[in-house]
2 protein chains.
Amino acid sequence: MAGTRRHGAGRGRPTLEEVAARAGVGRGTVSRVINGSPRVSDRTRTAVEQAVAELGYVPNRVARALAANRADAVALVIPEPETRLFAEPYFSDIIRGVGAELADTDLQLLLTLIRTPKERQRLADYLSAHRVDGVLLVSVHADDPLPDLLERIEMPAVLSGRRSAHETVPYVDSDNTGGAQSAVEHLIGRGRSTVATITGPLDMYVAQCRLEGYSAAVRAAGREVEPGLVASADFTEEGGRSAMRRLLDQRPDLDAIFAASDVMAAGARQVLREHGRGVPDDVAMVGFEDSAVARHMDPPLTSVRQATEEMGRAMVRVLLEEIEGLSDRTSKRPQVVLPTQLVRRESS
Amino acid sequence: MAGTRRHGAGRGRPTLEEVAARAGVGRGTVSRVINGSPRVSDRTRTAVEQAVAELGYVPNRVARALAANRADAVALVIPEPETRLFAEPYFSDIIRGVGAELADTDLQLLLTLIRTPKERQRLADYLSAHRVDGVLLVSVHADDPLPDLLERIEMPAVLSGRRSAHETVPYVDSDNTGGAQSAVEHLIGRGRSTVATITGPLDMYVAQCRLEGYSAAVRAAGREVEPGLVASADFTEEGGRSAMRRLLDQRPDLDAIFAASDVMAAGARQVLREHGRGVPDDVAMVGFEDSAVARHMDPPLTSVRQATEEMGRAMVRVLLEEIEGLSDRTSKRPQVVLPTQLVRRESS
DNA sequence: AGGTACGGTGGGAGCGCTCCCAGCTGTGAT
DNA sequence: ATCACAGCTGGGAGCGCTCCCACCGTACCT
């Protein structure tokens with residue numbers, strides 16, 4: 001008689017209590033059956049299950065969340081100023097992995113895009129307002145206050161990617177250094193003598209790692225890392241273009257490029273074309289990420305593939321561990337590094 | 001003393017009751033202030049607001065949801081077998097639009113990927129289990145039972161794209177017919193005499209519309225729609241390749257292609273290259289979607305841009321209307337069609 | 001026979017809100 | 001002075017669960 005409420009579905013839906021009445025047992029017993037507690041006799045369990053089936057009972061998760069003081073949900077937080085990253089398949093893959101791994105749980109996935117500081121504040125409120133059991137953070141910057149905030153309120157969290165070499169928060173990352181190294185080794189192995197690199201913004205740890213991998217491979221080949229062969233950009237296509245111009249200017253003799261992202265490689269490719277340099281004949285190229293861009297370039301771009309979807313899955317697994325083991329903060333924080341793989345195409 | 005609970009944050013957080021005590025008012029009054037009810041005197045409001053600030057009170061949304069019988073959340077449902085679509089920026093853009101529009105509300109965004117029929121069932125359970133106030137459905141197939149299920153349980157829902165010309169459920173779609181038509185008109189306007197098209201799967205309404213647009217433009221130019229100039233594919237790159245081969249086989253004299261998606265255009269482009277046909281000199285091309293693929297093609301692909309992000313925003317607006325007006329089912333269901341825009345690049 | 005143990009069970013006491021009704025106050029009409 | 005009627009306000013009664021404690025009966029011990 002309360003008038004039509006905002007939420008049409010659900011009213012009139014059977015409750016735990018009704019199931020109990022129908023099965024001729026107490027509320028507690030039904031709850032135990034629903035939650036799979038072993039301390040229920042088979043006979044009782046069967047009776048309850050039948051009542052559940054007959055009534056078409058579905059537990060009210062909101063009530064459960066309130067009573068049990070948990071949310072049955074985790075948040076995936078995406079800082080959206082990173083539009084460039086967002087457009088990449090990277091996020092799709094992460095989301096797919098997260099979704100897949102979560103499907104086996106009965107946790108919900110909450111998606112939170114953060115555009116402004118105001119929204120970040122709002123997020124903080126949400127998080128402390130009992131809405132989620134844990135948080136997945138994608139592509140946080142080194143100076144992002146969120147991880148520490150979460151730490152403070154004891155909210156389980158997992159990062160995709162480290163903020164620095166000494167990351168304290170649990171994370172899942174891919175082997176950027178190793179991937180970059182194998183890319184450059186490949187280039188050198190193909191007989192290239194003057195391998196340049198276009199790096200990401202060096203205040204990002206991921207960019208540092210990829211540069212580190214480049215340097216390691218160069219040194220392993222008994223060569224020196226020459227400043228003239230290193231140009232840093234910002235992971236954008238335009239950045240790739242201008243870095244390539246600088247490189248060509250400084251070292252017109254270069255015969256290979258390792259770009260720390262496919263998109264930058266695409267930009268570089270354009271500049272090479274403008275300068276009449278053929279790929280791979282004059283200049284061999286390798287990118288990083290193995291995104292759609294790589295496959296669609298002409299010629300298709302050799303690239304370092306990260307197991308992005310697997311990263312999503314791993315993040316969830318780690319998060320679940322964290323949620324489970326909340327009590328013993330003593331145990332060391334799980335940190336996972338996933339291998340990468342060089343996908344060879346015609347550009348090298 | 002209840003032992004460490006699963007959820008670390010939140011315990012010990014101030015409640016409505018404590019705020020009321022501090023402000024020296026009743027629970028009801030605090031609730032009214034929090035929810036912006038006008039029936040509170042300014043003095044009282046100020047006192048409450050101060051108490052809220054002092055205590056750092058944040059409402060427990062779970063409790064609110066239980067008491068008010070709503071969820072303060074909407075679900076974005078994505079059928080994930082559509083991996084191909086998922087990788088496209090399409091979803092990113094929809095999500096961004098949805099997120100942006102939702103940010104002004106205090107509704108949460110729940111992301112649900114559906115892989116299997118089992119998961120679809122699970123979703124149905126969720127939906128009826130009071131977890132969301134409404135549902136956004138992306139790229140549903142004509143035979144998907146979900147929209148009707150939602151209709152039945154009176155759950156507000158909005159589709160992105162129609163299932164057929166006579167869609168009954170509220171939807172937001174882009175003007176596929178008009179977009180295709182303008183693309184083909186453009187081709188014809190550039191002096192092309194033999195314009196072919198690569199369509200999507202014709203059991204999808206969106207593919208039908210784009211073909212319809214093609215036909216309309218051809219007829220408007222006083223020509224006939226020749227079967228030999230129409231090849232249907234499945235929106236994939238490989239599909240684009242084989243369709244292009246068939247086309248070339250049937251009508252080696254063609255001098256323009258309208259592909260119903262950029263990805264198929266990319267596939268077609270490869271085949272053209274293999275056959276030594278230059279773009280745009282021998283064959284002009286236009287795609288649909290204006291995705292990253294289009295920009296990265298060589299030459300960059302002219303394409304029909306859809307306002308995808310705006311679609312996401314519009315979907316939310318429509319959904320909110322639906323949620324609001326749940327009572328009067330008599331009012332007609334909102335249906336929105338967004339315009340498209342031809343983005344000209346070097347391929348035409 | 002009396003005691004102990006324990007698997008199994010019922011139901012009270014909340015979780016933190018919203019809703020709503022009764023009551024309280026002050027104002028203006030009578 | 002009395003009454004009516006607003007505008008505000010307090011707090012009881014839930015929302016549908018989980019948690020936990022008391023209790024039951026039976027089986028097994030001494």
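Labels below follow one simple rule: chain letters A, B, ... track the order of the sequence lines, proteins then strands, and each chain is numbered from 1. The basis for the numbers below is simple: all heavy atoms, side chains too, and nothing from hydrogens, waters or symmetry mates.
- Between Asp93(A) and Arg96(A) there is a salt bridge, since a side-chain N of the basic residue sits under 4.0 Å from a carboxylate O of the acidic one.
- Straight-line distance from the CG atom of Leu16(A) to the P atom of dC19(D): 12 Å, rounded to whole Å.
- The CZ-C1' distance, from Arg131(B) to dG16(D), rounds to 13 Å in whole Å.
- Straight-line distance from the CG atom of Leu66(A) to the C1' atom of dC17(D): 8 Å, rounded to whole Å.
- Taking side-chain N and O atoms only, Ser31(A) has no distance below 4.0 Å to OP1 or OP2 of dC17(D).
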Using a 4.0 Å cut-off on protein heavy atoms (strictly under), produce a 5'-to-3' string for nucleotides 5-12 of chain D with B for base contact, S for backbone-only sugar-phosphate contact, and - for none.
-> ---SBBBB

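- A salt bridge does not link Arg163(A) to Asp144(A): none of the charged nitrogens lies less than 4.0 Å from a carboxylate oxygen.
- Ion pair Asp133(A)/Arg70(A) not flagged as a salt bridge, since none of the NZ, NE, NH1 or NH2 atoms sits closer than 4.0 Å to an Asp/Glu carboxylate oxygen.
- Phosphate proximity of dC15(D) to Asn60(A): absent, as no side-chain N or O sits under 4.0 Å from OP1 or OP2.
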Distances for protein N or O near nucleotides 22-28 of chain C N or O, under 3.5 Å:
none

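- The closest side-chain heavy-atom distance from Pro170(B) to Gln335(B) is not below 4.5 Å.
- Going from atom CD of Glu17(A) over to atom C1' of dC15(D) covers 12 Å, rounded to whole Å.
- Counting heavy atoms from C-beta outward, Ile94(A) and Thr308(A) have side chains that approach closer than 4.5 Å.
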Given Leu109(A) and Leu113(B), is the side-chain contact (heavy atoms from CB on, under 4.5 Å) satisfied, shown in steps?
-> CA-CA 9 Å; Leu109(A) 177 58; Leu113(B) 305 185; 6.0 Å; no

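- In this structure, CZ of Arg70(B) is placed 13 Å from P of dC17(C), rounded to the nearest angstrom.
- Whole-Å rounding puts the Ile34(A) CD1 to dT18(D) P distance at 8 Å.
- Ion pairing of Arg13(A) with Glu18(A) is absent here, as no side-chain N (NZ or NE/NH1/NH2) approaches a carboxylate O to less than 4.0 Å.
- Computed from coordinates, the Arg61(B) CZ to dG16(C) P distance equals 16 Å when rounded to whole Å.
- Only one option out of Val33(B), Thr29(B), Val30(B) pairs with Val19(B) in a side-chain contact (heavy atoms from CB on, under 4.5 Å); it is Val30(B).
- Using a 4.0 Å cut-off between charged nitrogen and carboxylate oxygen, Glu167(B) and Arg162(B) do not count as a salt-bridge pair.
- In this structure, the CG atom of Leu55(A) is 15 Å from the C1' atom of dG16(D), given to the nearest Å.
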